[in-house]
Structures are given as C-alpha cells and as structure tokens.
Amino acid sequence: MSETQVFRVPGMSCAHCVEAVEAGLAGVAGVTSASADLATKVVTVTGSSLEEAALRAAIGEAGYEAE
C-alpha cells in the first residue's frame, strides 16, 4: 500500500539543495519517489512502509533539517 509523508525543509535555498534532498531520500528503503519544491520548501515522499525516522535521517545526512 502506497503512502505519502510530507516534510518542511526550510534550509533549502537552491536547485542543488533540492537535488541533494531528493537523492538522499531516493536511497531510503520503501521510497518510490521524492519531490522537493524549492518555492514552498516542502518535500513530499511516496512509497510503502515508510519510516519517518529514516526519512528524517536521510534529509539530515543531506545537510538539512526536516520540520
């Protein structure tokens, strides 16, 4: 079953930030897509059996903090 989690990542400020966050999330188990919107600073993650802690950790490893 597919699920979606949404995070606000206020530290994103450029296209490189978006790419780093999306790439980091793509490596998390269960993630089928990750889309970061620079204008709203919102990241939407879709997949199955998503673990919030793992998603937050991936965003953190990319150098950003998820709210």
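Position 1 is the first residue of the sequence; numbering continues from there.
- Of all non-hydrogen atoms in Tyr64 and Ala20, the two that sit nearest each other are CE1-CB, 4.3 Å.
- Rounded to the nearest 0.5 Å, atoms CG (Leu25) and CD (Gln5) are 10.5 Å apart.
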Practice prompt. Report the C-alpha distance between Thr46 and Ser2 in whole Å, list the side-chain angles of each, state the deciding distance to 0.1 Å, and finish with yes or no for side-chain contact (heavy atoms from CB on, under 4.5 Å).
Written response: CA-CA 7 Å; Thr46 304; Ser2 184; 3.4 Å; yes
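- Under a 3.5 Å cut-off, the side chain of Arg56 and the backbone N or O of Ala66 do form a donor-acceptor pair.
- Across every non-hydrogen atom of Ala29 and Leu50, the tightest pair is O-CD2, 4.5 Å.
- Remark: Glu3 CD is packed, more than 12 non-hydrogen atoms of other residues, nucleotides or ligands lying under 6.0 Å away.
- Between the side chain of Lys41 and the backbone N or O of Val9, no donor-acceptor pair lies under 3.5 Å.
- Among residues two or more places apart in sequence or in another chain, the salt bridge (Lys or Arg N to Asp or Glu O under 4.0 Å) test is passed with Glu65 by none.
- Counting only heavy atoms from C-beta outward, the side chains of Ser48 and Thr32 never approach each other to under 4.5 Å.
- Membership of the apolar cluster around Val6 extends to Val42, as traced through chained side-chain contacts below 4.5 Å between ILVMFWY residues.
- Between Val31 and Leu55, some side-chain heavy-atom pair lies under the 4.5 Å cut-off.
- Under the 3.5 Å distance criterion, the side-chain polar atoms of Ser35 are left unmatched by any main-chain donor or acceptor of Thr44.
- In plain terms, the two heavy atoms of Gly24 and Ala58 that are nearest each other are O-CB, 3.7 Å.
- Residues Leu38 and Cys14 approach most closely at CD1-N, 3.6 Å, considering heavy atoms.
- We find the CE-CD distance between Met12 and Glu19 to be 12.0 Å, quoted to the nearest 0.5 Å.
- When every heavy atom of Ser13 is checked against every heavy atom of Cys17, the shortest pair comes out as N-SG, 3.3 Å.
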